[in-house]
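Quick note: numbers below take in every heavy atom, side chains included, and nothing from hydrogens, waters or symmetry partners. The structure presented is a predicted model; accordingly, all values stated were derived computationally and were not measured.
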Amino acid sequence: MSSSKIQQSPSDTALTDPVRYPVSASPQVRTKRGFVLVLMTLLVPGSAQLVAGDRKLGRAALRVTLCAWAALVLAVILLLVNRTLLISIITNPLASLAIIIVMAALAAGWAILFINTLRLIRPVLLAPPARPAVVIALVLAMVLGSGSLGYAAYLLNVGRNAIGSIFASGPAMEPVDGRYNFLMMGGDAGDDRTGRRPDSLSVLSVDAETGQTAIISIPRNFQNAQFSADSPMRAIYPDGYDCGDACLINAINTEVTNEHADLYPGVADPGAQATLEAVSGTLGMDIQAYVLVDMDGFSKLIDAMGGIRIKAGGWVPISGETIDEANGIHGMPLGWIPAGDNTLDGYHALWYGRSREFVDDYARIARQQCVQQAMLKQLDPATLLAKFEDIANAGTKVVDSNISSSQLGSFLDLAIKAKGKEAKRLTIGPPDFDASFSTVPDFDIIHERVDQLLASASEAQSAGSADDMLVAPAAASGHLQAAPAPSALAAGGGIRTQQSPPSADFTPVTTTPDGEPITESLLNGLKRQGDEQAIRELVATNGQCAPL
């Protein structure tokens, strides 16, 4: 038999396979093989082992990979057809823990596969110049794949811990008349304060189907607040919180915490709950939950976001110590936030929302609303992902709520729906009512205006289309604001009869009437001269604000 008739056995052919047996391959093929195995492990974990290594390990890894892909496809389908369920699963404490454990295990298994792939590549067989390139490629692929998955598990755990720290574990709540109503409180608990006083009070009413939002702001100096019918405090103040100038609505939290906590057995924060009941009775609406933001720690949240961008209508002082409590006069300002475009860090954003020197509370309310809108506008997915850990950790120090964590999925879904919709607004004070209305309020008129606002928000009416509700741009935020209907204007009761809220497209006041530039030096000079009135005139527009 001639040599040409001799054929190689199957085993001999297998030994020449460069994928499984790189010894017989050329240096160029070995290098190419190394990069291909790295890419296979990155894109289809287990495939490198199946074609070039332990087939049993490869088959097991491929099965896990296919299951992971199936879970990912299912998540995408849920995102498209039932986003609420997906978010509820991710935010559920037990489900999220299970997901974290699985993700961590997958990340560890993927890392093991990369290490096994390095063994299959056999760097010693590579040409010396190619060895570093292949090893670096494998390390980068491992960081991109296994490392990213592990970091995602870590961030999910950070979020899970934050949710457990902030939100309650009670039962879910049902919408009232098709809406969820939340009380948003900004609690000021600085070193010079007695107790935590919610100096910022806003009700966020969200349509349970569309996410259409209405915001109702109540000034901190509101008097004679009415407690809801089921409130324990109604037995103490049956005619409302009516003990005079000391009974401002923001004092309820401290009074109940210090003197009447026994009326709220089992309630985590009696003061916050009592304040919720007072706002509910005052507005004539059922408020189901509260969110309390500690303003003293608020700056940490702003810093975690990387600051906020706003356009300020006038200069805002960073007030010094109070030297005349009766007249609200402070010492020399510690600084000023200028009119115009600003990027505010946490410290300056806190003062921008807190300061009320030289202006009234209503200018401060407008600025606080603007800061809230700037945060919502600028907390985009890129910022959230890039700064997620800092934001979550800051949130545990800043936010407290009795909202059930089991309902976060539906609320986050509503927040997504609400994004981009214009929120309708009402303030129980200027510009919607005279300043004196907060001292002697007419609750029938308040209830009528609130009902009109909510009806308009539920119907998602466009500007000028409602029969009994005019819609005008809000001064502070550029969002839609409920203006008095003609019938309400005729009724009087403290409602401003000639209301024309300025547009968000305002021009910041940066010069004096004589054309001289307003500067920190000019304002401080007037302060040293004791000319408080001149400063008030120059900063009178500092309630104008718009998020950038």
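If you take OG on Ser146 and CG on Leu42, they are separated by 10.5 Å, rounding to the nearest 0.5 Å. Separating the CD1 atom in Ile337 from the CG atom in Asn342 is a distance of 7.0 Å, to the nearest 0.5 Å. The line from CZ of Arg179 to CG of Leu204 is 9.0 Å long, rounded to the nearest 0.5 Å. Distance check, rounded to the nearest 0.5 Å: CZ of Arg356 to CD of Gln368 gives 9.5 Å. Between the CG atom in Leu276 and the CG atom in Asn181 there is a gap of 9.5 Å [rounded to 0.5 Å]. Between the CD1 atom of Ile310 and the CD atom of Gln544 there is a distance of 12.0 Å, given to the nearest 0.5 Å.
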Distance-only check: which donor-acceptor pairs under 3.5 Å involve side-chain atoms of residues 106-121, not counting sequence neighbours?
from: Trp110; atom 1: NE1; to: Thr41; atom 2: O; distance (Å): 3.0
from: Asn116; atom 1: OD1; to: Gln49; atom 2: NE2; distance (Å): 3.0
from: Thr117; atom 1: OG1; to: Thr41; atom 2: OG1; distance (Å): 2.8
from: Thr117; atom 1: OG1; to: Gln49; atom 2: NE2; distance (Å): 3.2
from: Thr117; atom 1: OG1; to: Leu113; atom 2: O; distance (Å): 2.8

Which atom pairs, donor and acceptor, lie under 3.5 Å between side-chain atoms of residues 66-74 and protein residues at least two apart or in another chain?
none

Could you pull out every donor-acceptor pair under 3.5 Å between side chains of residues 55-64 and any protein atom, sequence neighbours left out?
none

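Between Val450 and Val203 the shortest side-chain heavy-atom distance does not fall below 4.5 Å. Residues Met40 and Val51 meet the side-chain proximity criterion, which asks for heavy atoms closer than 4.5 Å.
Considering only residues two or more places apart in sequence or on other chains, Ser96 meets the side-chain hydrogen bond (donor to acceptor under 3.5 Å, both in side chains) condition with Arg160. With sequence neighbours excluded, the residues satisfying ring-ring contact (aromatic ring centres under 6.0 Å, His included) with Tyr241 are Tyr237. Take Ala349 and apply the side-chain contact (heavy atoms from CB on, under 4.5 Å) test, not counting sequence neighbours, and it matches Ile302, Ile308, Leu344. The side-chain contact (heavy atoms from CB on, under 4.5 Å) check on Leu85 picks up Leu78, Asn82, Ile89, with sequence neighbours excluded. Remark: Leu140 pairs with Ile136 by the side-chain contact (heavy atoms from CB on, under 4.5 Å) rule, at least two apart or across chains. Contacts of Asp177 classified as side-chain contact (heavy atoms from CB on, under 4.5 Å), with partners at least two apart in sequence or in another chain: none. Checked against ring-ring contact (aromatic ring centres under 6.0 Å, His included), Phe182 has the following partners two or more places apart in sequence or in another chain: Phe411. Partners of Thr257 by side-chain hydrogen bond (donor to acceptor under 3.5 Å, both in side chains), not counting sequence neighbours, listed by chain and number: Asn253.
For the pair Arg131 (side chain) and Leu126 (backbone), a donor-acceptor distance under 3.5 Å is present. Side-chain atoms of Arg449 do not come within 3.5 Å of backbone N or O of Ile428 as any donor-acceptor pair. Thr65 contributes no side-chain N or O that, together with a main-chain N or O of Val44, makes up a donor-acceptor pair within less than 3.5 Å. Panel note: side chain Asp303, backbone Gly346; a donor-acceptor pair is recorded below 3.5 Å.
Under the side chain to side chain donor-acceptor pair (under 3.5 Å) criterion, the residue pairs touching residues 274-286 are Ser231-Glu277, Tyr264-Glu277, Gln273-Glu277, with sequence neighbours excluded.
Across every non-hydrogen atom of Asp341 and Lys311, the tightest pair is OD1-CG, 3.5 Å. Pairing each heavy atom of Ser228 with each of Arg234, the nearest pair is O-CD, 3.6 Å.
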